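The next block holds one structure in the form of structure tokens; read it before the comments.
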Amino acid sequence: LSSTVSGNKILDLVRLDASDLTLVKQNGKIVRVEREGYVKTILRDQSGTLSGLVVTTNTGSITKTLVYNSDGLAGYTVT
């Protein structure tokens with residue numbers, strides 16, 4: 001997402017009640033959310049734990065990778 005995208009547009013992109021939204025499931029879990037010009041891919045490790053998200057729009061993509069320790073979520077990186 002670029003800095004020119006408004007906050008309202010970002011909120012609109014992630015709404016799950018939109019009629020033009022497609023949810024892609026695998027083994028009962030959502031793995032991708034699709035709308036025109038927007039795809040969010042949900043990444044999981046072999047145990048099924050959320051490991052990251054990739055948001056792709058017409059203008060580019062952002063990857064958020066989650067890092068865990070023994071206490072749970074320790075942080076994340078964004079590229």
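It should be emphasised that the depicted structure is a prediction, and the values quoted were computed from it without experimental measurement. If you read the sequence from its start, that first residue is 1, and numbering goes on from there.
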Is it the case that one hydrophobic cluster holds both L66 and V78, taking links as side-chain heavy atoms less than 4.5 Å apart, direct or via other members?
yes
Passes side chain to side chain contact (heavy atoms under 4.5 Å, CB included), L50 versus Y68? Steps please.
CA-CA 10 Å; L50 182 65; Y68 295 91; 3.9 Å; yes
Begin with the C-alpha distance, continue with both residues' side-chain angles, and end with the deciding distance and a verdict on side chain to side chain contact (heavy atoms under 4.5 Å, CB included) for K29 and R44.
CA-CA 10 Å; K29 295 183 179 182; R44 298 183 182 276; 3.7 Å; yes
Considering non-hydrogen atoms only, spot the tightest contact between T49 and S47 and give its length.
OG1-OG, 3.1 Å
Rounded at 0.5 Å granularity, tell me how far CZ in R32 sits from CG in L53.
14.0 Å
Which is it for I42 and I30 under the side chain to side chain contact (heavy atoms under 4.5 Å, CB included) test, yes or no, and what are the steps along the way?
CA-CA 7 Å; I42 300 165; I30 297 172; 3.8 Å; yes
Common cluster, V33/V39, ILVMFWY with side-chain heavy-atom separation under 4.5 Å
no
Apply side chain to side chain contact (heavy atoms under 4.5 Å, CB included) to E36 and Y38, showing your working.
CA-CA 6 Å; E36 183 178 336; Y38 173 88; over 6 Å; no
Nearest heavy-atom neighbours spanning D71 and N69
N-OD1, 2.8 Å
N/O donor-acceptor pair under 3.5 Å between S51 side chain and L43 backbone
yes
Using the rule that Ile, Leu, Val, Met, Phe, Trp and Tyr join whenever any side-chain heavy atoms are under 4.5 Å apart, tell me whether I62 and V54 fall into a single cluster.
no
